[in-house]
Amino acid sequence: MNVRTRFAPSPTGYLHLGGLRTALYTFLFAKQNGGQFILRIEDTDQEREVEGAVELIYQSLRQAGLTYDEGPDVGGDYGPYIQTQRRELYLPYAMELVKSGAAYPCFCTKEELQARRDAATEKGEQWKYDKHCLNIPKEEALARMAKGESYVIRQNIPLTGVASFEDALYGHVEAPCDTLDDNVLIKADGLPTYNFANVIDDHMMGITHVMRGTEYLSSTPKYNLLYEAFGWQAPIYIHLSPVMKDASRKLSKRYGDPSFEDLLAQGYVRDAVINFIALLGWSPGDEREFFTLDELIQAFDLKGLSKAPAIFNTEKLVWFNHEYISRMPFEDYLAMVTPWLDQVLAGKQMDYRRLAELLHTRTEVFNRVPDMVSFLAQLPEYDNAIYTHKKMKTDADISLKALKLSRPVLAAMEDFSEDAVKEALMNLAVQNEMKTGQIMWPVRIAISGLQSTPGGTTEIAYLLGKEETLRRMDFGIQKLERSITNAGTSNV
RNA sequence: GGCUCCAUGGUCAAGCGGUUAAGACGUCGCCCUCUCAAGGCGAAAUCAGGGGUCCGAUUCCCCUUGGAGCUACCA
């Protein structure tokens, strides 16, 4: 069988992570089977359409590496791939159903329906379309349509029996017909609803496997009724559980949950996001967890799909991102980190290459880089308390001593390289019978103002350069002297 | 409310009648170390509850509970 799958988003905004995952799985399945992956735009709800959203979808899929074989902007033999451009295709099919009795025109206005719905709700009853217009003789109905009266076409769901389908993941799913509503197939504006368009288009486009979210699970039995009415073979269905933000909330645009684009902008790398997303709701069955897109195509298997919703866990994404960043070639890293360094270091004289070396394995997400290096641009305000460190065996007095000893040594150096600085400070410790840390820690605090920094004392000293290093040490010495003096007087 | 679906640690999850119930993230120790990170070693932590079926249930069935989806001229 030539497998054909499709990703069919509505252009209502950016592509969110759940949508991206659906697209990914759909793509993987098609590619694994040597089939086609198709993009179709479902824009039949004109009111919800967001301008520019279609382009955003193209862009996201491209950035994600999910290239589609057919679609609005790449063409194909089954076009058009935008539903509004197919609008005239649907009515004839609907009329075919009207003819056979599987559907019927309805002239009830929205207001009338609302009134009846409200009345039912008031009585505490559940409302479902009452088949009011099914009673209109077909000739009369056709005549009213021809006259130009506004109408919709509804699916005629049987009053009894059950509708069902087989899902590749969920198995047999069925629903009693009497709980199903006579859905609108063709709206008053002539456009089809999703309920109808998905069936017509999937059939016309030769889609063999439909992968989509579980929000369609309970309405798919109805779609199968349509396939049966047409005498068409229904595709194989694979419904996908949703991606959740937490236990009870789906990831959604509405609450500002990040889109794929947002994540990239924040400094997550593409492959890490894809890798992470792939494993959210799918397991390869073995212990591998790093996959390229090609490896995913090989490894993907419907059997590994999870039926339960998966919670989007940022910590794991961060971990993946860190791993991907650490593993990327240094030159690539340097190129990627440079704009983030520029945010706080632009204009400074700074060895970006050396700084990037220090940052490379410490970068979890690029947007955290500016905060990590801003101390190089400007010495942060700090409390003398951080000079005291139990493991380093330092306190204010020792720190002051260390700074005073180090200052002239560093000042006298011509070669201010890391190695030279390191050797000088280590020797100083030995000569004064101090622990290495008793020199290193105070100096690093003085020149960084931070308890933890990317790189140690010598790297920071080198990056700052001799002049700035000495200036910060002088400041540190004064700061320490002041507080020690104050402490002394107040104790007397 | 009705209908549909789901349920293994905090999170992602393996498991598919007999296991010491994998692994990963995270958390917590220890080691390494001029800080942090990385790295090494180790630890705590899961079968929602109750009934069945069976020699034997995490695994099969039912109920309860919890969660999600649908219930639009939205998708």
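A quick note: this is a predicted structure, and the numbers were derived from the prediction, not measured. A, B, ... follow the sequence lines: proteins, then strands. Residue 1 opens every chain.
Applying the 6.0 Å contact sphere to CD of A/E47 captures no more than 12 heavy atoms from other residues, nucleotides or ligands.
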- Message: I need a per-nucleotide contact map over nucleotides 30-40 of chain B, read 5' to 3'. Cutoff is protein heavy atoms under 4.0 Å; write B for the base, S for backbone only, - otherwise.
- Response: ---BBBBBS--
- Base versus backbone protein contacts along nucleotides 63-75 of chain B [heavy-atom cut-off under 4.0 Å; B, S, -]: ----SSBS-SBBB
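Under 3.5 Å, the side chains of A/D415 and A/S417 contain a donor-acceptor pair of N or O atoms.
Each of A/D201, A/T44, A/L97 was checked for a side chain to side chain contact (heavy atoms under 4.5 Å, CB included) with A/F196, and the lone residue meeting it is A/L97.
Ring-plane geometry between A/F475 and A/Y382 is classed as perpendicular, the angle between the planes exceeding 60 degrees on a 0 to 90 degree scale with a lower cut at 30. Note: A/Y216 and A/Y194 have parallel aromatic rings, judged against thresholds of 30 and 60 degrees for the angle between ring planes.
To the nearest whole angstrom, the two C1' atoms, one in B/C54 and one in B/C60, are 10 Å apart. On the P atoms, B/C41 is 13 Å away from B/G23, given to the nearest whole Å. When the C1' atom is used for both B/A57 and B/U19, the distance is 13 Å, rounded to whole Å. To the nearest whole angstrom, the two P atoms, one in B/U58 and one in B/U53, are 16 Å apart.
The pair A/R327-A/E323 meets the salt-bridge criterion, since a charged nitrogen lies less than 4.0 angstrom from a carboxylate oxygen. The pair A/K128-A/D178 does not meet the salt-bridge criterion, since no charged nitrogen lies less than 4.0 angstrom from a carboxylate oxygen. For A/R354 and A/E418, the salt-bridge test passes: some basic side-chain N is under 4.0 Å from an acidic carboxylate O.
In this structure, A/R288 atom CZ and B/C12 atom C1' are separated by 17 Å, rounded to whole Å. The distance between atom CG of A/L279 and atom C1' of B/A14, rounded to the nearest whole Å, is 12 Å. Regarding A/W319, its CH2 atom lies at a distance of 8 Å from the P atom of B/G26, rounded to whole Å. The separation between A/N321 atom CG and B/C12 atom P is 20 Å, rounded to whole Å. One interatomic measurement links the two molecules: CD of A/Q126 to P of B/G2, which rounds to 8 Å at whole-angstrom precision. Atom CG in A/L280 sits about 15 Å away from atom P in B/G26, given to the nearest Å. Between A/W282 atom CH2 and B/A14 atom C1' the separation is 13 Å, expressed in whole Å. Look at CG on A/N275: it is 13 Å from P on B/C25, rounded to the nearest Å.
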- Evaluate the side chain to side chain donor-acceptor pair (under 3.5 Å) criterion for residues A/Y104 and A/D182: first the C-alpha distance (whole Å), next the side-chain angles of each, then the deciding distance (0.1 Å), finally the verdict. CA-CA 10 Å; A/Y104 59 94; A/D182 280 5; 2.6 Å; yes
- Message: Does A/E468 form a salt bridge (charged side-chain N to carboxylate O under 4.0 Å, His left out) with A/R472? I'd like the steps, not just the answer.
- Response: CA-CA 6 Å; A/E468 178 67 11; A/R472 290 185 180 195; 2.7 Å; yes
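Nucleotide B/C74 has no partner under the Watson-Crick or G-U criteria, as no pair reaches both atom distances under 3.5 Å. Across all strands shown, nothing is found opposite B/C32 as a Watson-Crick or G-U wobble partner with both distances under 3.5 Å. If you check B/C3 for Watson-Crick or wobble pairing at under 3.5 angstrom, you find it paired to B/G69. Nucleotide B/A43 has B/U27 as its partner under the Watson-Crick or G-U criteria, with both atom distances under 3.5 Å. Using N1 to N3 plus N6-O4 or O6-N4 for Watson-Crick, or N1-O2 and O6-N3 for G-U wobble, each under 3.5 Å, B/U20 pairs with nothing.
Taking the nucleotide of RNA chain B with the nearest heavy atom to each of A/V173 and A/K316, the more 5' of the two is matched to A/V173.
Because its NZ or CZ atom is both nearer than 6.0 Å to the ring centre of A/F107 and within 45° of the ring axis, A/R144 counts as a cation-pi partner of that residue.
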Set out, line by line, the N/O atom pairs under 3.5 Å between protein and nucleotides 19-22 of chain B.
none

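The side chain of A/N313 approaches B/U11 more closely than any other nucleotide in the set B/A24, B/A13, B/U11.
Using a 4.0 Å heavy-atom criterion, one finds that A/E174 contacts the sugar-phosphate atoms exclusively.
Between A/H203 and A/Y93, the distance separating the two ring centers is not shorter than 6.0 angstrom.
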